[in-house]
Amino acid sequence: MNYLAISSFMLPAWVNKFLVDFENNFITNDRYMYLVKGLGVTLEITFFATLLGILLGVILAIIRSTHDKTIGGMRKGVGKLILQAANAMARLYLTIIRGTPVVVQLLIAYYIIFATSNNKILVAVLAFGINSGAYVAEIIRSGIMSIDNGQFEAGRSLGFNYAQTMTLIIIPQALKNVLPALANEFIVLLKETSVAGYLGLEDLAKGGDIIRSRTFSAFMPLLTVALIYLVIVIFFSKLVTLLERRLRNSER
């Protein structure tokens, strides 16, 4: 660029080198678009995986907490057997998902379970959502278990059955208690999606790596990717802090 040639007589050498590297990594051939498109893919995967994780987490948390709260007082029968089987399956799911690396789960999902699918984003959403669901389940279960049993009794005295009591009274209170923890899980999930490049997806991390492969310069593109992740995490962490403050004020 002409302005670089002109500025070379007026600026220190390190500044000129920075400008040349910046142009080579981001301006030439519109290479910055790798980061822009990659950021969009990262946010898309994170958003839908979070929704799936919350859905799975709520279901698993209800199963686990219902088992812990009611199994001792249930009479022998089909209902008790179904609850015990559902709880055993939930515990197995949690053990496997929490005990294996997310990148291994991602590769298993892509190369084995969904080997016939060409939709890499869908596979990534399912893999990360299933992984997140295990952690969300324990977060929500802790919230449900923290609700006083008097809330259950109050719901039943109003004529609600168990499902209505959980849906209308317990779950809303539990979600309020664990909302900051759920927001932090979203932040963790956002960073975990950086391994989506193993599927060939051009997410944010992969976008930086593509630029590196074009320019043979790792410093600027990879540090830029790290900076983008850092800014996003700081932004959402600030939102979590504001949310926690709002919840504390609402309880006064």
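Atoms considered below: every heavy atom in the structure, side chains included; atoms not considered: hydrogens, waters and symmetry mates.
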Would you list the pairs meeting ring-ring contact (aromatic ring centres under 6.0 Å, His included) in which at least one residue belongs to residues 94-114, sequence neighbours left out? none
Measure the shortest side-chain to side-chain distance between Leu201 and Val123 over non-hydrogen atoms and say whether it is less than 4.5 angstrom. no
At what distance, to the nearest 0.5 angstrom, does CG of Leu179 lie from CG of Asn184? 10.0 Å
Please determine if Arg212 and Asp209 form a salt bridge, counting it only when a charged side-chain N lies under 4.0 Å from a carboxylate O. yes
Taken to the nearest 0.5 Å, the spacing of Asn87 CG from Thr66 OG1 works out to 9.5 Å
Leu182 and Leu175: side-chain contact (heavy atoms from CB on, under 4.5 Å), yes or no, with the steps? CA-CA 9 Å; Leu182 289 177; Leu175 287 177; 4.1 Å; yes
List the atom pairs, donor and acceptor, that lie under 3.5 Å between side-chain atoms in residues 47-60 and the rest of the protein, sequence neighbours left out.
unit_1 : atom_1 : unit_2 : atom_2 : d
Thr50  : OG1    : Thr46  : O      : 2.6

How would you list all residue pairs meeting ring-ring contact (aromatic ring centres under 6.0 Å, His included) that involve residues 162-213, not counting sequence neighbours? Phe186-Phe236
Single-linkage hydrophobic cluster, 4.5 Å side-chain cutoff, Val103 and Val188 together: no
Note: Ile63 and Ala90 closest approach over all heavy atoms is CG2-CB, 4.5 Å
Please collect all side chain to side chain donor-acceptor pair (under 3.5 Å) contacts where either partner lies in residues 125-135, sequence neighbours excluded, each pair once. Gln105-Asn131, Ser132-Glu185
Group every Ile, Leu, Val, Met, Phe, Trp and Tyr by side-chain heavy-atom contacts under 4.5 Å, then state whether Ile171 and Met145 land in the same group. no
Looking at residues at least two apart in the chain, or sitting in another chain, which of them share a ring-ring contact (aromatic ring centres under 6.0 Å, His included) with Tyr32? none
Would you indicate whether Met33, at its atom CE, is surrounded by more than 12 heavy atoms from other residues, nucleotides or ligands within a distance under 6.0 Å? yes
Could you tell me which residues satisfy side-chain hydrogen bond (donor to acceptor under 3.5 Å, both in side chains) with Arg64, sequence neighbours excluded, listed by chain and number? none
Answer whether the closest heavy-atom distance between the side chains of Ile108 and Val104 falls below 4.5 Å. yes
Gap separating the NZ atom of Lys206 from the OG1 atom of Thr193, nearest 0.5 angstrom: 14.5 Å
Over all atoms of both residues, closest heavy-atom pair of Ala127 and Ala109: CB-CB, 4.0 Å
For Glu202, the salt bridge (charged side-chain N to carboxylate O under 4.0 Å, His left out) test, sequence neighbours excluded, returns none
Measure the shortest side-chain to side-chain distance between Gln84 and Leu81 over non-hydrogen atoms and say whether it is less than 4.5 angstrom. yes
The test is side-chain contact (heavy atoms from CB on, under 4.5 Å); show your working for Phe128 and Val195 and say whether it passes. CA-CA 10 Å; Phe128 287 116; Val195 300; 3.8 Å; yes
Between Ile45 and Ala196, what is the shortest heavy-atom contact and its length? CD1-CB, 4.4 Å
Sequence neighbours excluded, which residues qualify as salt bridge (charged side-chain N to carboxylate O under 4.0 Å, His left out) partners of Arg31? none
Heavy-atom pair with the smallest gap, counting every atom of Thr42 and Leu204: OG1-N, 3.0 Å
Is the shortest side-chain heavy-atom distance between Asn25 and Phe219 below 4.5 Å? no
Give the cluster check for Val136 versus Ile96: same hydrophobic cluster or not, with ILVMFWY residues linked at side-chain heavy-atom distances below 4.5 Å. no
Using a 4.5 Å cut-off on heavy atoms from C-beta on, say whether the side chain of Phe160 contacts that of Met166. no
Tell me, please, which residues at least two apart from Lys191 pass side-chain hydrogen bond (donor to acceptor under 3.5 Å, both in side chains). none
Heavy-atom distance under 4.5 Å between the side chains of Leu39 and Ile232, does that happen here? yes
Once side-chain hydrogen bond (donor to acceptor under 3.5 Å, both in side chains) is applied, do any residues pair with Thr167, and if so which ones, sequence neighbours excluded? none
If hydrophobic clusters are built from ILVMFWY residues whose side chains come within less than 4.5 Å, do Leu126 and Ile97 share one? yes
Contacts satisfying ring-ring contact (aromatic ring centres under 6.0 Å, His included) that involve residues 49-103 (not counting sequence neighbours) are none
Any idea which heavy atoms bring Ile139 and Ala181 closest together, and the distance? CG2-CB, 3.8 Å
So Leu222 and Ile211, side-chain contact (heavy atoms from CB on, under 4.5 Å) or not? Walk me through it. CA-CA 9 Å; Leu222 297 185; Ile211 295 176; over 6 Å; no
Looking at Asn119, I'd like to know if its CG atom is crowded, meaning that more than 12 non-hydrogen atoms belonging to other residues, nucleotides or ligands lie closer than 6.0 Å. yes
So do the side chains of Val225 and Ile228 get within less than 4.5 Å of each other, counting heavy atoms only? no
Nearest 0.5 Å, what's the CD1-CD1 distance between Ile170 and Ile140? 14.0 Å
Over all heavy atoms of both residues, which pair between Ser142 and Val178 is shortest? Give the atoms and the distance, please. OG-CG1, 4.3 Å
Set out, in order, the CA-CA distance, both residues' side-chain angles and the distance that settles side-chain contact (heavy atoms from CB on, under 4.5 Å) for Ile234 and Val231, then state yes or no. CA-CA 5 Å; Ile234 290 175; Val231 170; 5.8 Å; no
Working to the nearest 0.5 angstrom, can you tell me the gap between Leu122 CG and Ser117 OG? 5.5 Å
Of all residues at least two apart in sequence or in a different chain, which pass the salt bridge (charged side-chain N to carboxylate O under 4.0 Å, His left out) check with Lys17? Asp21
Between Ser217 and Asn24, is any pair of side-chain heavy atoms under 4.5 Å apart? no
Within a radius of less than 6.0 Å around NZ of Lys69, do more than 12 heavy atoms belonging to other residues, nucleotides or ligands occur? yes
Interatomic spacing from CG in Asp68 to CZ in Arg141 - rounded to 0.5 Å: 5.5 Å
Look at the side-chain heavy atoms of Ile, Leu, Val, Met, Phe, Trp and Tyr, link any pair under 4.5 Å apart, and say whether Leu83 and Met89 land in one connected group. no
